[in-house]
Amino acid sequence: MRSKYELKAHKELELEGLLVDYKARPFRVPKGYQVDYFGLFDLITLDKIGQLRCIAIKGHGGVPKTLRDAITQTKLNGGITKEIWSYRHKGRELIVKKEIIE
């Protein structure tokens with residue numbers, strides 16, 4: 001099942017005119033099945049000029065250092081963007097922090 005933050009990000013990206021794909025998760029995850037793209041990213045987007053973005057979505061639990069390090073160390077060619085979007089609540093307001101990882 002997809003998280004509410006992943007669904008929110010998906011809708012936002014589609015409103016920007018991007019094609020958005022996510023990896024379907026089976027009800028019962030078989031052993032060895034990667035739930036995310038490359039075990040890192042929740043969403044992949046494609047714009048009209050062919051620019052790809054790989055986005056990891058995290059909720060109020062924050063971004064684990066191991067995930068950030070793994071994304072940083074992953075080399076993607078051709079100008080593909082690696083991003084981490086983290087959501088947290090500030091009172092009743094939902095704040096999203098969008099980071100581009102080099």
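Distance CG/Leu67 to NZ/Lys65: 11.5 Å, rounded to 0.5 Å. In this structure, CG on Leu19 lies 12.5 Å from CD1 on Ile44, to the nearest 0.5 angstrom. Atom-to-atom distance recorded for Ile100:CD1 and Ile84:CD1 is 11.5 Å, nearest 0.5 angstrom. Between the CG atom of Leu76 and the NZ atom of Lys82 there is a distance of 5.5 Å, given to the nearest 0.5 Å. From Ile71, atom CD1 reaches atom CZ of Phe38 across 12.0 Å, with rounding to the nearest 0.5 Å. In this structure, CG in Leu7 is found 5.0 Å from CZ in Arg2, a value given to the nearest 0.5 Å.
Counting heavy atoms from C-beta outward, Glu102 and Thr72 have side chains that stay 4.5 Å or more apart. Contact check for Ile80 versus Cys54: side-chain heavy atoms found under the 4.5 Å cut-off. Two residues are said to be in side-chain contact when any heavy atoms from C-beta on lie closer than 4.5 Å; Ile55 and Lys98 fail this criterion. At a threshold of 4.5 Å between non-hydrogen side-chain atoms, the residues Leu13 and Trp85 count as touching. Within the 4.5 Å cutoff, no side-chain heavy atoms of Thr45 are placed close to those of Leu52. In this structure, the side chains of Ser86 and Val96 stay at 4.5 Å or more apart for every pair of heavy atoms. Between Leu43 and Tyr22, the closest side-chain pair of non-hydrogen atoms falls below 4.5 Å.
Between the side chains of His10 and Glu14, at least one donor N or O lies within less than 3.5 Å of an accepting N or O.
The backbone N or O of Ile57 sits nowhere less than 3.5 Å from a side-chain atom of Glu6 that would complete a donor-acceptor pair.
Salt bridge status for Arg53 with Glu83: present, with a side-chain N to carboxylate O gap under 4.0 Å. A salt bridge links Glu99 with Arg68: at least one charged nitrogen is closer than 4.0 Å to a carboxylate oxygen.
For the pair Pro64 and Gly62, the tightest heavy-atom approach, listed with the atom from each and the gap, is CD-O, 3.5 Å.
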Chi angles and distances behind the side-chain hydrogen bond (donor to acceptor under 3.5 Å, both in side chains) call for Tyr37, Asp21:
CA-CA 10 Å; Tyr37 292 103; Asp21 191 31; 2.7 Å; yes
Determine whether Gln51 and Leu46 satisfy the following criterion, side chain to side chain contact (heavy atoms under 4.5 Å, CB included), listing intermediate values before the conclusion.
CA-CA 6 Å; Gln51 176 69 39; Leu46 179 66; over 6 Å; no
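Under a hydrophobic-cluster definition in which Ile, Leu, Val, Met, Phe, Trp and Tyr are linked whenever side-chain heavy atoms come within less than 4.5 Å, directly or via other members, Ile101 and Leu40 are assigned to the same cluster.
Only one option out of Lys58, His60, Lys8, Lys97 pairs with Tyr87 in a side-chain contact (heavy atoms from CB on, under 4.5 Å); it is Lys8.
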